[in-house]
Amino acid sequence: MLMERGIVIVGNESALLNAIEIEAAKRAGQYAVAPIANRLLGDSVKLGLRARGENTLSAGPSANGRIPLDWNPGSPISARTLIIAAENHLDHISDAILVCAPPSIRCAAADLNLTDIEVLMHDHIKGWFFLVKELAIMFKARGKGTLALVYSETSGTGGKDDNVDFLGPAALAAFKSLVRSLLDIALIEPYLTLGFSGIDIGDEAGFAAFVFKQLDDGSRRGNGKLYKYGKLAFFR
């Protein structure tokens, strides 16, 4: 009897995270998800959505199959607790999908909020390193598994008259650097590591389907590769 895939998704509240969830629900009766809530004080878009009573993250395509998990990204202990909780719910983790689609802070440099700077470091930079460390320990102990690192190149983009984004590019640059390092050592690890970059705004569903197409293959041929989705969909 084949063991059902244990899919864990961690990422920023975003349309991309929702699209990844939809694809996961097509492949597993249950999947676990740990969203990174937007705690930025200067994010007027998020505050506006809250004022209208809207939710930036849907409950996913299957309320019964979606297992929400709590995670404090800035805590290394919380990263380990997250892995244990996911294994308890799913029995095992076969696919860990990390989704980086950071929110934006657009303002003048003098108007940067000190709390937002701390949130940037804790939620959108440190957290990924803590989580990757725990996932690597788990996958090495099992001798198998897939670590997928997904990000959108369009994070932080805006109109020509918009203020500069002080958060999105910084968070994305740190995540991309982490991805590159993990891909560089992928061939010496017993588990698979795949990177995915999307460049098309508004095609999150297509990007998510592309990600899972590679993950479904399960071949070591893709190990250590960075796949690019969009008009120039090549891998390095």
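Computed from heavy atoms alone, side chains included, the values below leave out hydrogens, waters and symmetry copies.
- One distance of note links CG of D116 with CD of E118; it measures 10.5 Å at 0.5 Å rounding.
- No continuous path of hydrophobic side-chain contacts links F130 to W71 [ILVMFWY only; heavy atoms under 4.5 Å].
- Remark: A85 engages L69 in a side-chain contact (heavy atoms from CB on, under 4.5 Å) (not counting sequence neighbours).
- Not one N or O on the side chain of N12 forms a donor-acceptor pair closer than 3.5 Å with the backbone of S14.
- Applying the ring pair (Phe, Tyr, Trp, His ring centres under 6.0 Å) rule to pairs touching residues 168-204 yields W128-F175, F139-Y191, F196-Y227, sequence neighbours excluded.
- Neither I84 nor V10 shares a network with the other; the hydrophobic side chains, linked directly or stepwise wherever heavy atoms of I, L, V, M, F, W or Y lie under 4.5 Å apart, form separate groups for each.
- For the pair P103 and L167, the tightest heavy-atom approach, listed with the atom from each and the gap, is O-CD2, 3.2 Å.
- Using a 4.5 Å heavy-atom cutoff, the side chains of L178 and F129 are in contact.
- With sequence neighbours excluded, the residues that form a side-chain hydrogen bond (donor to acceptor under 3.5 Å, both in side chains) with S197 are E153.
- Between the CD1 atom of I7 and the CD1 atom of I20 there is a distance of 10.0 Å, given to the nearest 0.5 Å.
- K133 pairs by the salt bridge (Lys or Arg N to Asp or Glu O under 4.0 Å) definition with nothing, not counting sequence neighbours.
- Applying the side-chain contact (heavy atoms from CB on, under 4.5 Å) rule to S181 yields no partners; only residues at least two apart in sequence or on another chain are considered.
- Sequence neighbours left out, not one pair with a member in residues 101-122 passes ring pair (Phe, Tyr, Trp, His ring centres under 6.0 Å).
- For I77, the CD1 atom sits in a loose shell: 12 or fewer heavy atoms of surrounding residues, nucleotides or ligands are nearer than 6.0 Å.
- Residues satisfying the salt bridge (Lys or Arg N to Asp or Glu O under 4.0 Å) test with E204, not counting sequence neighbours, are none.
- The CG atom of L149 lies 7.0 Å from the CG atom of L183; values are rounded to the nearest 0.5 Å.
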Show the numbers, then the answer: is there a side-chain contact (heavy atoms from CB on, under 4.5 Å) between C100 and L172?
CA-CA 7 Å; C100 181; L172 182 60; 4.3 Å; yes
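- Other members of the hydrophobic cluster containing I188, listed by chain and number, are I185; membership follows side-chain contacts under 4.5 Å among ILVMFWY residues, whether direct or relayed.
- Side-chain N or O atoms of E4 include one that pairs as donor or acceptor with a backbone N or O of G29 at under 3.5 Å.
- For the residue pair Y229 and D203, a side-chain donor N or O sits within less than 3.5 Å of a side-chain acceptor on the partner.
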Going by atom type alone, with no hydrogens or angles, which donor-acceptor pairs under 3.5 Å involve a side-chain atom of residues 206-218 and a protein atom two or more places apart or on another chain?
from, atom 1, to, atom 2, distance (Å)
D216, OD1, R5, NH1, 2.7
D216, OD1, R27, NE, 3.1
D216, OD2, R27, NE, 2.8
D216, OD2, R27, NH2, 3.0
D217, OD1, R221, NH2, 3.4
D217, OD2, S219, N, 3.4
D217, OD2, R221, NH2, 3.4

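- A186 is linked by a side-chain contact (heavy atoms from CB on, under 4.5 Å) to T193, N223, counting only residues two or more places apart in sequence or in another chain.
- Heavy-atom neighbours of D70 CG from other residues, nucleotides or ligands within 6.0 Å: at or below the threshold of 12.
- Once rounded to the nearest 0.5 Å, the distance linking CD of E189 with NZ of K140 reads 4.5 Å.
- To the nearest 0.5 Å, the span separating CG on L192 from CZ on R220 amounts to 5.0 Å.
- Residues S104 and D165 bring a donor and an acceptor atom of their side chains to less than 3.5 Å of each other.
- Residues that satisfy the side-chain contact (heavy atoms from CB on, under 4.5 Å) test with E134, not counting sequence neighbours, are A79, R80, I83, I137.
- With rounding to the nearest 0.5 Å, the separation of CG in L194 from OG1 in T146 is 7.0 Å.
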